[in-house]
Amino acid sequence: MFNLEYEKFKKKNSTSCRIFEESKLFTPCGVHSNYRVHDPFPIFVSRAKGSRIWDADGNEYIDFNMAFGALVAGHSHPIIVEELKKALEEGTIFGHESSESVKLAKILCNRFNLDMVRFNSTGMEVTMYAVRLARAYTGRSKIMKFEGCYHGSNDNLLVSVKPHLSKTGHIKHPISVPASPGLLPEVSKYTVVAQFNDVESVDKLFGKHGDEIAGVILEPVAMNMGVIEPDPEFLKTLRKLCDEYNSVLIYDEVKTCGKWFGGAEEKYGVKPDLKTLGKAIGGGIPLSAIGGRREIMELFGPGKVSHAGTFNANPLSVKAGITTLEKILTKDALSRAGRLGEQLANGYRDIVTDYKIKALVSSIGVSGAVLFTDQEHVRNYRELLRCDFGKWFGYFISMLNRGIIPAATGPDEQWTISVQHSSEDVEKHIEAFKEVASMIKDIKQPLEMVEAV
Ligand SMILES: Cc1ncc(COP(=O)(O)O)c(C=O)c1O
């Protein structure tokens with residue numbers, strides 16, 4: 001059914017195909033992140049501005065991937081460009097602190113209700129530090145994570161990220177499945193896995209390993225399983241259990257910190273001990289942060305818990321962070337982008353209803369996702385696995401052919417609306433989906449996934 005679309009994609013993207021072939025000679029799989037591979041080949045981008053991206057073949061797209069959610073500010077926001085131009089003239093890296101980093105630390109502490117904060121560049125680093133802090137604070141070794149949640153490519157947390165169903169075990173007692181060769185076998189022994197939105201599975205793990213569990217880390221909204229919100233009692237129960245067992249509760253907000261103004265605590269009213277922030281806060285420049293309770297954060301220091309990084313708090317990232325948070329991702333701007341998010345999700349909902357397509361549309365703040373499934377809800381990884389991924393990739397390629405990058409690459413990802421998207425951009429996305437939906441409605445059987453991400 002989607003064969004014609006795949007053929008059309010190849011024709012429209014012959015230059016990307018050629019670059020991809022050359023890239024594969026020098027770079028494994030031709031890409032610099034495993035998450036960028038998809039069938040038949042990824043587009044190679046030549047430039048981007050606002051809500052638009054142009055590829056090497058000159059095709060123009062309205063971009064709703066937005067660098068996997070890192071670009072809620074949109075591509076090359078003019079204010080960030082202006083500020084960075086000035087900053088470039090004044091030193092790109094000092095290897096010393098500056099008063100500007102104090103300013104950014106204050107902004108982050110106020111906005112995300114943190115006592116203290118330290119900067120890094122990527123999400124992977126800050127989740128690694130969160131685990132280290134939790135272990136140092138409690139003197140314990142084990143970390144609890146949730147099946148299907150992704151916390152970056154650090155060894156401690158590369159467990160049960162996208163395990164094959166055959167390896168996952170009982171839904172209430174997921175097996176810890178290493179997500180990559182090359183990890184020490186001990187890693188999965190020290191990382192125990194619970195089911196998202198299932199307090200019973202958490203309770204059981206605490207019952208079994210309670211006095212060994214240093215911390216519980218989760219994406220408060222599971223943004224690496226599409227968009228799965230926590231059930232009303234889920235976060236509250238996690239807080240209660242962490243208090244009962246003296247474990248550190250960690251929200252990985254690398255994605256959610258940019259979806260609305262104040263992050264998960266503001267929305268759900270449950271305060272964790274540590275938060276990790278990343279992606280959107282840098283407005284397109286690498287910037288991440290770990291922050292939380294003073295008592296835990298103060299463990300960082302010479303002779304205490306190691307925390308380092310040559311590029312930490314470099315003036316370009318700091319300037320981008322201040323500019324993004326103060327001038328661009330304001331409450332008003334994020335509310336407006338959030339309304340566009342609702343417009344897009346409602347457009348999808350109307351279409352799947354009109355065409356009688358079995359699909360679920362979820363949305364939160366500036367992001368949302370469509371999953372092709374006849375289930376009534378998708379609340380955890382096991383339910384995500386029952387969705388039709390083959391159909392999703394067919395939809396993805398067909399949308400690209402219509403000038404829309406509908407979401408980040410993969411059915412476990414989502415779309416992101418930036419503050420530079422317009423209502424017309426959203427309308428064009430909806431129009432393209434209408435065309436693609438008219439093909440999808442005739443596909444009754446689940447489709448084979450062409451290639452796993
Ligand atoms: C929730 C979450 N945490 C951490 C990371 C890792 O961030 P980075 O790719 O910047 O290392 C990601 C990346 O997608 C993420 O979604």
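Just follow the structure's listing: the first ligand is 1, and inside any ligand the first atom is 1.
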- Please assess Asp39 against Phe393 for the test side chain to side chain contact (heavy atoms under 4.5 Å, CB included), listing each intermediate value before the final yes or no. CA-CA 8 Å; Asp39 195 76; Phe393 278 102; over 6 Å; no

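- In this structure, Tyr35 has its ring center under 6.0 Å from that of Tyr150.
- Between Phe146 and Tyr381, a ring centre-to-centre spacing not shorter than 6.0 Å is recorded.
- Sorted by first and then second residue, the side chain to side chain donor-acceptor pair (under 3.5 Å) pairs with a member in residues 268-288 read Glu229-Tyr268, Arg239-Asp273, Asp252-Thr276, Glu265-Lys275, Asp273-Arg293; sequence neighbours excluded.
- Sorted by chain then number, the residues whose non-hydrogen atoms approach ligand 1 to under 4.0 Å are Thr122, Gly123, Met124, Tyr150, His151, Gly152, Glu219, Asn224, Asp252, Val254, Lys255, Lys279.
- Within a 6.0 Å radius of OH in Tyr190, no more than 12 heavy atoms belonging to other residues, nucleotides or ligands are found.
- Shortest non-hydrogen contact noted between Phe196 and Pro220 is CZ-O, 3.9 Å.
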